[in-house]
Amino acid sequence: MGALVVDTGRGDRVGEFRGVAGPYWSLRPVGGGTEWEAEPQRVRPALLMEQLRARTARLNARSRGEVL
């Protein structure tokens with residue numbers, strides 16, 4: 001739970017692992033938003049650079065008041 005992963009089936013979208021929903025994994029955008037389901041075989045751990053990029057984007061959005 002909470003690990004940052006990359007969904008290669010959705011254009012390398014970075015998300016936070018939220019749990020398992022049937023045969024799929026539930027992922028949530030790092031900055032919050034609507035969860036989506038990913039096929040486990042199309043998910044890989046996020047590289048350090050991808051993690052930093054996602055967290056920086058979230059902090060920037062938070063500073064603009066877009067997320068809590």
Side-chain angles (χ1 to χ4, degrees):
M1 288 288 284
L4 291 183
V5 296
V6 176
D7 183 355
T8 61
R10 293 203 185 216
D12 291 341
R13 187 173 179 191
V14 178
E16 180 182 333
F17 178 77
R18 304 298 291 164
V20 177
Y24 301 102
W25 287 2
S26 292
L27 306 178
R28 184 183 68 133
V30 178
T34 305
E35 291 185 2
W36 76 93
E37 294 181 341
E39 297 176 19
Q41 66 271 19
R42 293 183 179 254
V43 174
R44 64 171 174 78
L47 301 173
L48 180 58
M49 181 56 80
E50 292 167 324
Q51 292 177 31
L52 291 172
R53 190 177 298 126
R55 290 185 173 130
T56 299
R58 182 188 186 283
L59 290 172
N60 287 339
R62 184 175 178 204
S63 72
R64 293 187 300 265
E66 296 172 5
V67 295
L68 297 176

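Only heavy atoms go into these numbers, but all of them, side chains included; no hydrogens, no water, no symmetry mates.
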Open item on the list: If we ignore hydrogens and angles and just use 3.5 Å, is the side chain of Thr56 paired with the main-chain N or O of Arg53 as donor and acceptor?
Closed with: no
TODO: Determine, step by step, whether Leu27 and Arg10 satisfy the side-chain contact (heavy atoms from CB on, under 4.5 Å) criterion, reporting the C-alpha distance in whole Å, the side-chain angles of both residues, the deciding distance to 0.1 Å, and the verdict.
DONE: CA-CA 12 Å; Leu27 306 178; Arg10 293 203 185 216; over 6 Å; no
Open item on the list: Whether Arg58 and Glu16 form a salt bridge (side-chain N of Lys/Arg under 4.0 Å from carboxylate O of Asp/Glu) is what I want to check.
Closed with: no
- [ ] Flag the pair Glu50 / Val6 as yes when at least one side-chain heavy-atom distance between them is below 4.5 Å, and no otherwise.
- [x] yes
Open item on the list: Between Trp36 and Asp7, does the side-chain contact (heavy atoms from CB on, under 4.5 Å) criterion hold? Intermediate values first, please.
Closed with: CA-CA 10 Å; Trp36 76 93; Asp7 183 355; 2.8 Å; yes
Open item on the list: Let me confirm one number: the CG-CZ distance from Asp12 to Arg42, rounded to the nearest 0.5 Å.
Closed with: 11.5 Å
TODO: State the CD-CH2 distance between Glu37 and Trp25, to the nearest 0.5 angstrom.
DONE: 13.5 Å
- [ ] Heavy atoms only: give me the nearest Arg28-Gly33 pair and the separation to one decimal.
- [x] CG-O, 3.9 Å
Open item on the list: Counting only heavy atoms from other residues, nucleotides and ligands, does the tally under 6.0 Å from CZ of Arg44 exceed 12?
Closed with: yes
Open item on the list: Hydrophobic clusters here meaning ILVMFWY residues chained together by side-chain heavy-atom distances under 4.5 Å, can you tell me if Leu59 and Val30 are in one?
Closed with: no
TODO: Decide whether Phe17 and Val43 are clustered together by the hydrophobic rule: side chain heavy atoms of Ile, Leu, Val, Met, Phe, Trp, Tyr closer than 4.5 Å, transitively.
DONE: yes
Open item on the list: To the nearest 0.5 Å, what is the distance between CG on Leu4 and CG on Leu48?
Closed with: 10.5 Å
Task: Polar side-chain atom of Glu35 near backbone of Ser26 as donor-acceptor pair, under 3.5 Å - done: no
